[in-house]
Chemist: 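The structure under discussion is supplied below as structure tokens; questions concerning it will follow.
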Amino acid sequence: MKALTVHRGTVAPLDRANVDTDQIIPKQFLKRVERTGFGQFLFYDWRFDENGAERPDFVLNQPQYRKASILVAGPNFGCGSSREHAPWALQDWGFQVVIAPSFADIFYNNCLKIGLLPIILPEATVNRILADAKGVSGLELAVNVKTRSVTFNDGTEASFPLDPYAQESLVGGLDEIGRSLRLEAEIVRFEGQEVTRINTRG
Amino acid sequence: MAPRTLYQKIWDEHCVTQIDDQRQLLYIDLHLIHEVTSPQAFDGLRLNHRTVRRPDRSFAVVDHNVPTGDRKTPIKDPVARRQIELLEENCHAFGIPLFNLHHPEQGIVHIVGPEQGLTQPGMTVVCGDSHTSTHGAFGTLAFGIGTSEVEHVLATQCLVQASSKTMEVRFTGPRPIGITPKDMIMALIGQIGIAGATGYVIEYTGDAVRDLTMDERMTLCNMSIEAGARAGMVSPDMTTVNYLRGRRFAPTGPDFDLTATRWLAYATDPGAVFDQTVVVDLATLSPMVTWGTNPGMVTSIAMKVPDPASAADPAQREAWQLALDYMGLTPGTPITDISIDRVFIGSCTNGRLEDLIRAARIVKGRKIAPTVRAMVVPGSGIVKREAELLGLDQVFLDAGFEWREPGCSMCLGMNEDILEPGERSASTSNRNFEGRQGRGGRTHLVSPEMAAAAALFGHFVDSRPLLHSDQEVTR
Ligand code: SF4
């Protein structure tokens, strides 16, 4: 996983609640067998019309947001399927941070596994960011994973929750599987005394 | 020991080691795999010179991409074909059992697992698919994971997990005739919202839940994720035990009864405390229909399309307006005035034998409206075979339905079964998100009975008066 400690970038405001994974990456693009290359299909049905032409009113098609690396959206972002293709697509597009008042459970976890930082902020704060980002001059934010804080242009800060395990993984760019494999002895001990006996090959 | 919930018992029993205050390394008893969310995980293993720790705890089946028409000709879509072949290659390379496209018992992963007896009470079950919650019907802790976690389970047979809060959803009152578990779960989602159970594991309780069959409990647990829950579960009882008896992977002989005693002990203890309790009153429930673009935008067949002007706040008003624009609906339209073009009966929500029987009770001896294209996609090869033994295929075919091969099909439209832009469906699946069943497609979620009734009339109607009461649909 790519390490993420500090990040500064432009904000793209996606002012919608309950953005679901079918919107983030429609199913017709799930057939790829690689982890990369999903960015081109991000928000496909919102970015493009039936003829494949860009919809100029969609936020990511507007010139000031094309290089944005921080996505800000409404509550319950990422609801729906468990497809990790959704965070892959966001990351592949260039986003490193997603800010929302709340996230769907599986999506939130999936982001942390690939080093895409999901930030939960109070709804009022998110609304302020959305409003500021829609302004003509755009908005930049600074994010610090170590201090779990977002810094606004005027110097004010907002802190966000992030559990220590995920924080350590992000900052160190740690491979979680490697971390767990170090617990091999514990896994072997568990398997020696477990109660469930099923054999899918039996 | 203090009384514990089903969830707590499974959680405690599967702790390999505590990682910090909240999280533990959780042992996974059963890992189910399908073609869409696994290729990158197998790649990751190879890249890091790792292997599959417990192929004997893994089980794979193709379902999302598979064609539901003729299976004799090769799959036309080369990318889908590649994904299906790759799963075969990966399972072969790592020794994981697989039901491939031509296996007679192939089907949707969440239907195949239970019917093979792989899903058993007290287990932890994961799959790279959010509707893994279905398996909770057996008193298992079952939840969906992303591809990185699929790789983690392949390598370690464990997951790093934080504990969830527990929510009791208690259905009170007897279930009225013609009200299905699909209506129960849609009513819950309408009541608490699509994020109402985020951070929670739900346990469904109440006499009406105890009275449900296993097929019905699976429908209930299936859509837990649509309320935001990590998992949904039902305490195991004799209904669970009786379902499992004789299944392929269930214990046999005297072992079965010994194991069954252990299974029953997982049930939530009397007096165990949940973090939250939600009560849903069944007495006043009518068949439910979604009108919007998420499962929480739901009402009953007796109602009208809501008016955004009456929304609770500006955010909701905007969301409703966007949904109505997408759905092409006018506020105040009676639900029964909404006409439909397509009907889909199937999916891991409602693609089991009992679902097909109940739909057939509406359809028998009648014809679908000439304006409607309707299809039944059995959830698995076993469901299809059993339905055919009962003559249900003929009931549906006579009425004008298509009778297809098992798979996910129009639930997510990864194969050719999709809605055209602007087409409107009555669907027994679980998600009505924009474009879910095809770009520009408009999905209304309903029970199998309601889908069948809509097929007959070409618009939504209350299915209850149409139920063949005494008339047997079966041969
Ligand atoms: S039937 Fe639909 S919800 Fe169920 S596993 Fe298949 S695609 Fe997912």
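Below, chain A is the first sequence line, B the second, and so on; all start at residue 1.
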Chemist: Is the shortest distance from a Lys or Arg side-chain nitrogen in B:R230 or A:D105 to a carboxylate oxygen in the other one below 4.0 Å?
Modeler: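 Salt bridge: yes.
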Chemist: Taking only heavy atoms into account, what residues of residues 127-135 of chain A are found under 4.5 Å from chain B?
Modeler: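 Checking residues 127-135 of chain A against chain B gives no residue, so none.
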Chemist: Hey, are A:E184 and B:R53 close enough for a salt bridge, meaning a charged N less than 4.0 Å from a carboxylate O?
Modeler: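 Salt bridge flag = yes for B:R53 with A:E184.
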Chemist: Select all residues of residues 11-21 of chain A having any heavy atom within less than 4.5 Å of some heavy atom of chain B, and report them by number, or 'none'.
Modeler: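 The stretch touches chain B at A:D15, A:R16, A:N18, A:D20.
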Chemist: Return the option, out of A:P87, A:P75, A:G202, with the maximum number of heavy-atom pairs under 4.5 Å with chain B.
Modeler: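 Among A:P87, A:P75, A:G202, the one with the most close pairs to chain B is A:G202.
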Chemist: Roughly how far, to the nearest 0.5 Å, is CD1 of A:I187 from CZ of B:R54?
Modeler: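 Reported to 0.5 Å precision, the distance equals 11.0 Å.
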Chemist: With no hydrogens and no angle check, just 3.5 Å: does a side-chain donor-acceptor pair link B:Q22 and A:Y165?
Modeler: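 Result is no, nothing qualifies.
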Chemist: Do A:T200 and B:H31 pass the side chain to side chain contact (heavy atoms under 4.5 Å, CB included) test, and can you show the C-alpha distance, the side-chain angles, and the key distance before you say yes or no?
Modeler: CA-CA 10 Å; A:T200 56; B:H31 183 196; over 6 Å; no
Chemist: For the residue pair B:R436 and A:Q23, establish whether any side-chain heavy-atom pair is separated by less than 4.5 Å.
Modeler: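 Not in contact.
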Chemist: Begin with the C-alpha distance, continue with both residues' side-chain angles, and end with the deciding distance and a verdict on salt bridge (Lys or Arg N to Asp or Glu O under 4.0 Å) for A:D22 and B:R431.
Modeler: CA-CA 10 Å; A:D22 280 81; B:R431 286 192 179 135; 5.0 Å; no
Chemist: Between B:L159 and chain A, which part of the residue has a heavy atom less than 4.5 Å away: side chain, backbone, both or neither?
Modeler: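 Neither the backbone nor the side chain of B:L159 comes within 4.5 Å of chain A.
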Chemist: Under 4.5 Å from any heavy atom of chain B, what part of A:L183 do you find: side chain, backbone, both or neither?
Modeler: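 For A:L183, side-chain heavy atoms alone lie under 4.5 Å from chain B.
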Chemist: For the residue pair A:K31 and B:R82, establish whether any side-chain heavy-atom pair is separated by less than 4.5 Å.
Modeler: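 Heavy-atom side-chain distance check fails, nothing below 4.5 Å.
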Chemist: Is the side chain of A:R35 donor-acceptor paired with the backbone N or O of B:A41 at a distance under 3.5 Å, no angle test?
Modeler: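 Not confirmed, A:R35 side chain does not pair with B:A41 backbone.
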Chemist: Could you tell me which portion of B:H14 (side chain, backbone, both or neither) has an atom closer than 4.5 angstrom to a non-hydrogen atom of chain A?
Modeler: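 Both parts, backbone and side chain.
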Chemist: Among the options A:L30, A:N110, A:D45, pick out the one with the most heavy-atom pairs lying under 4.5 Å from chain B.
Modeler: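 Among the listed options, the one with the most contacts to chain B is A:D45.
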Chemist: For residues B:F59 and A:R201, determine if any side-chain heavy atom of one lies less than 4.5 Å from a side-chain heavy atom of the other.
Modeler: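 SC-SC contact between B:F59 and A:R201 ruled out.
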Chemist: Under the criterion salt bridge (Lys or Arg N to Asp or Glu O under 4.0 Å), I'd like the reasoning laid out for B:D29 against A:R197: C-alpha separation, chi angles, the key distance, then a yes or no.
Modeler: CA-CA 8 Å; B:D29 294 321; A:R197 302 266 175 244; over 6 Å; no
Chemist: Using non-hydrogen atoms and a 4.5 Å limit, figure out which bit of B:D77 sits close to chain A: side chain, backbone, both or neither.
Modeler: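 The side chain, not the backbone.
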Chemist: Side chains of A:E194 and B:E13: closer than 4.5 Å at any heavy-atom pair?
Modeler: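 Side chain of A:E194 against side chain of B:E13, heavy atoms only: no contact under 4.5 Å found.
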Chemist: Which one, B:N65, B:I225, B:N294, B:D43, leads in non-hydrogen pairs under 4.5 Å with chain A?
Modeler: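 Highest number of pairs under 4.5 Å: B:N65.
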Chemist: Could you give me the CA-CA distance, side-chain angles and deciding distance for B:T198 and A:S102, then say whether side chain to side chain contact (heavy atoms under 4.5 Å, CB included) is met?
Modeler: CA-CA 9 Å; B:T198 302; A:S102 57; over 6 Å; no
Chemist: Kindly indicate whether the side chain of B:L25, heavy atoms from C-beta on, has any atom under 4.5 Å from the side chain of A:S180.
Modeler: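 Answer yes - side chains close enough.
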Chemist: Side chain, backbone, both or neither: which part of B:P55 has a heavy atom under 4.5 Å from chain A?
Modeler: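 For B:P55, the contact with chain A is made by backbone and side chain together.
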Chemist: Quick one, B:E151 and A:I177 - any side-chain contact, counting heavy atoms below 4.5 Å?
Modeler: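 They are in side-chain contact.
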Chemist: Under a 4.5 Å heavy-atom cutoff, which of A:R83, A:E34, A:Q28, A:E50 has the most pairs with chain B?
Modeler: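 Maximum pair count with chain B is reached by A:E34.
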Chemist: Applying side chain to side chain donor-acceptor pair (under 3.5 Å) between B:S148 and each of A:E84, A:E176, A:K113, report the one that passes.
Modeler: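 Between B:S148 and the candidates, side chain to side chain donor-acceptor pair (under 3.5 Å) is satisfied uniquely by A:E84.
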Chemist: Can you tell which part of B:I194 gets under 4.5 Å to a heavy atom of chain A, answering side chain, backbone, both or neither?
Modeler: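 Interface part for B:I194: both.
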Chemist: Which bit of B:T124 is near chain A, if near means a heavy-atom gap under 4.5 Å: side chain, backbone, both or neither?
Modeler: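 When you check distances to chain A, no heavy atom of B:T124 falls under 4.5 Å.
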Chemist: Answer with side chain, backbone, both or neither: which region of A:F103 has an atom nearer than 4.5 Å to a non-hydrogen atom of chain B?
Modeler: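 For A:F103, backbone heavy atoms alone lie under 4.5 Å from chain B.
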Chemist: Select one option (side chain, backbone, both, neither) describing which atoms of A:N199 are under 4.5 Å from chain B's heavy atoms.
Modeler: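 Both parts, backbone and side chain.
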Chemist: Do B:T147 and A:W88 come within less than 4.5 Å of each other through their side chains, counting heavy atoms only?
Modeler: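 Touching, per the 4.5 Å side-chain cut-off.
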Chemist: Kindly indicate whether the side chain of B:R57, heavy atoms from C-beta on, has any atom under 4.5 Å from the side chain of A:I198.
Modeler: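 When only atoms from C-beta onward are counted, A:I198 and B:R57 do touch, with a gap below 4.5 Å.
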Chemist: Which of the residues B:G199, B:A315, B:G413 is involved in the greatest number of heavy-atom pairs with chain A at under 4.5 angstrom?
Modeler: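 Of the candidates given, the most pairs with chain A belong to B:G413.
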